[in-house]
Amino acid sequence: GGTLADAIAAGTNHTYVDGQVANVSVLNAKATSTNTADAVAETTSGGLLGVGGSKATAQVTNITKSGGGSTANIGVAGIATFDATSTSTAKAEAEGDAAGLVGVGGTDADATVNSTTKAYMDGAFTDGSLELNANAINDAQADTSATSAGLGAVSGAESNADIAAVTEAGVGSTGHLSNSGYITVNSTATSTADALADGQTVGFAGVGTTDADASVNGHTKAYMDGVVTDASNLTIVADATNTADADANASTAAFGGASGADATADVDPTVTAQVGSTGQVTARGAVSVVANATNTASADADGRAITIA
């Protein structure tokens with residue numbers, strides 16, 4: 001017996017100004033997305049030959065953007081705010097149970113988040129203050145369990161949780177800001193990848209293997225690539241918290257038994273705050289450019305084989 005489950009959450013959410021907005025006190029442009037992909041695959045089999053295999057795949061590929069295009073011409077007396085906020089969750093669960101004279105159980109779960117969240121200003125802005133905020137929360141969870149029992153028993157469980165998200169806030173090279181107020185550019189991302197693989201084998205001769213891989217990549221960026229002529233102050237902040245946790249457990253009990261567990265956690269993102277090569281900044285007050293990154297990777301592998309004499 002075998003089962004296959006696929007879940008995909010995709011789409012684009014975009015709020016933008018490409019034309020002229022003048023003589024307004026406040027401008028709020030917000031794009032908010034909540035995207036969830038949840039896949040569950042379960043298999044149970046028995047008989048003279050018991051084979052149970054299941055595969056679950058969950059993927060999130062959403063795009064969330066808010067901003068002013070290159071042809072925008074915006075004049076706001078108070079505060080203009082462009083907010084892009086996304087919450088992306090991919091969860092894959094696979095379970096396989098097999099029992100028979102020969103029992104074979106295999107499971108595979110893949111959870112992936114490839115989201116893009118962006119707040120931008122590529123046009124002209126005058127008068128008041130400007131805020132560009134991009135905020136992303138990304139979560140990938142992959143969970144597998146494989147159990148097999150038989151005179152000859154083999155079990156395998158593989159879990160992969162991957163995040164390669166892009167979070168950006170900034171002023172592009174065509175942006176021209178001649179406002180008298182403040183400018184803040186904030187890009188914030190929180191990404192968590194969890195992979196758990198568990199395999200149990202019982203038989204006269206048994207082999208059990210598990211593999212768990214969790215990774216967080218992608219980038220978080222706050223940038224000023226345009227022209228600022230008269231701001232009161234400028235603040236550019238990129239802040240990312242990235243966590244990868246992989247746990248693999250394999251146990252075998254047999255007259256002849258072998259087990260193997262492999263866990264890998266990889267955190268390798270790019271976090272950047274910058275005034276780029278095309279940026280030109282004139283401000284009456286402070287200019288602050290800050291990049292913060294908190295990265296944590298944890299891997300735990302436990303393989304146990306009990307040979308019955």
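Atoms considered below: every heavy atom in the structure, side chains included; atoms not considered: hydrogens, waters and symmetry mates.
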- Message: Tell me the closest heavy-atom pair linking Ala240 and Thr220, and the distance in Å.
- Response: CB-OG1, 3.7 Å
- Which of Thr87, Thr12, Asn13 passes side-chain hydrogen bond (donor to acceptor under 3.5 Å, both in side chains) with Ser33? It is Asn13
- Item | Min side-chain heavy-atom separation Val228-Val171 under 4.5 Å | no
- Of the options Ile137, Asn138, Asp139, which is the one that meets Val113 in a side-chain contact (heavy atoms from CB on, under 4.5 Å)? Asn138
- Query: Between atom CG of Asp143 and atom CG of Leu196, what is the distance when rounded to the nearest 0.5 Å?
  - Reply: 4.5 Å
- Query: Does any non-hydrogen side-chain atom of Ser70 lie less than 4.5 Å from one of Thr174?
  - Reply: yes
- Query: With a 4.5 Å heavy-atom cut-off, do Phe125 and Leu27 have their side chains touching?
  - Reply: no
- Would you check if there is a donor-acceptor pair between the side chains of Ser215 and Asp162 at a distance under 3.5 Å? yes
- Should Ile183 and Val290 be counted in the same cluster of Ile, Leu, Val, Met, Phe, Trp and Tyr side chains packed under 4.5 Å apart? no
- Task: Could you tell me which non-hydrogen atom of Ala72 sits nearest to which non-hydrogen atom of Val17, and how far apart they are?
- Result: CB-O, 3.2 Å
- Message: Tell me if a side-chain donor or acceptor on Ser187 pairs with a main-chain N or O of Lys221 at a distance below 3.5 Å.
- Response: yes
- Task: Kindly compute the distance separating CG (Asp211) from CD (Glu158), expressed to the nearest 0.5 Å.
- Result: 5.0 Å
- Query: Taking side chain as C-beta onward, heavy atoms only, is Asn249 less than 4.5 Å from Asp302?
  - Reply: yes
- Give the cluster check for Val287 versus Ile236: same hydrophobic cluster or not, with ILVMFWY residues linked at side-chain heavy-atom distances below 4.5 Å. yes
- Hey, quick one: are Met121 and Val281 part of the same hydrophobic cluster, counting side-chain heavy atoms closer than 4.5 Å, chains of contacts allowed? yes
- Message: Using modelled atom types and a 3.5 Å cut-off, is there a donor and acceptor pairing between side-chain atoms of Arg284 and backbone atoms of Asn233?
- Response: no
- Item | Asn186 and Asn133 side chains, donor-acceptor separation under 3.5 Å | yes
- Query: Are the side chain of Thr71 and the backbone N or O of Asp18 linked by a donor-acceptor pair below 3.5 Å?
  - Reply: yes
- Kindly give the heavy-atom pair with the smallest separation between Ala37 and Ala58, and that separation in Å. O-CB, 3.5 Å
- Compare every heavy atom of Ala140 with every heavy atom of Ala111, then report the nearest pair and how far apart it is. O-CB, 3.9 Å
- Query: Do Asp110 and Asn160 have a side chain donor and acceptor closer than 3.5 Å?
  - Reply: yes
- Task: Taking Ser66 for its side chain and Ala29 for its backbone only, find out whether a donor-acceptor pair lies under 3.5 Å.
- Result: yes
- Task: Would you check if the side chain of Thr36 reaches a backbone N or O of Thr89 as a donor-acceptor pair within less than 3.5 Å?
- Result: no
- Between Ser115 and Ser86, a side-chain donor and acceptor under 3.5 Å: no
- Stepwise salt bridge (charged side-chain N to carboxylate O under 4.0 Å, His left out) test for Asp6 and Lys55: CA-CA 8 Å; Asp6 289 312; Lys55 179 177 176 62; over 6 Å; no
- Would you say His176 and Thr229 make side-chain contact, with heavy atoms under 4.5 Å? yes
- Query: Does the Asp122 side chain pair with the main chain of Gly172, one donor and one acceptor, at a distance under 3.5 Å?
  - Reply: yes
- Mind checking whether Thr272 and His219 have side chains closer than 4.5 Å, heavy atoms only? no
- If we only count heavy atoms from C-beta on, is the Glu168 to Tyr223 side-chain gap below 4.5 Å? yes
- Would you confirm whether Ser159, through its side chain, and Thr144, through its main-chain N or O, come within 3.5 Å as a donor-acceptor pair? yes
- Note on the structure: One should read off an interatomic distance between Asn114 CG and Ile163 CD1, to the nearest 0.5 angstrom, of 9.5 Å
- Query: Looking at CD of Gln141 and CG of Asp245, how far apart are the two atoms once the value is rounded to the nearest 0.5 Å?
  - Reply: 11.0 Å
- Looking only at heavy atoms, what is the nearest atom pair of Ala265 and Ser298, with distance? CB-O, 3.3 Å
- Item | Side-chain donor-acceptor contact under 3.5 Å, Ser54 with Thr107 | no
- Query: Are Val60 and Val166 grouped together when hydrophobic residues (ILVMFWY) are joined by side-chain heavy atoms under 4.5 angstrom apart?
  - Reply: no
- Item | Tyr182 atom OH, over 12 foreign heavy atoms within 6.0 Å | yes
- Task: Kindly give the heavy-atom pair with the smallest separation between Ala161 and Asp194, and that separation in Å.
- Result: CB-O, 3.3 Å
- Counting distance only, does the side-chain N/O of Thr294 pair as donor-acceptor with the main-chain N or O of Thr241 below 3.5 Å? no
- Message: With rounding to the nearest 0.5 angstrom, report the CD to CG distance, Gln280 to Asp225.
- Response: 11.5 Å
- Worked verdict on Thr167 versus Thr117 for side chain to side chain donor-acceptor pair (under 3.5 Å): CA-CA 5 Å; Thr167 308; Thr117 308; 4.8 Å; no
- Query: Under 3.5 Å, is there a donor-acceptor pair between the side chain of Asn179 and the main chain of Gly128?
  - Reply: yes
- Message: Assigning hydrophobic clusters by single linkage (Ile, Leu, Val, Met, Phe, Trp, Tyr; side-chain heavy-atom cutoff under 4.5 Å), is Leu177 placed with Val185?
- Response: yes
- Between NZ of Lys65 and NE2 of His14, what distance do you get to the nearest 0.5 Å? 4.5 Å
- Between Asn62 and Ser88, is any side-chain donor less than 3.5 angstrom from a side-chain acceptor? yes
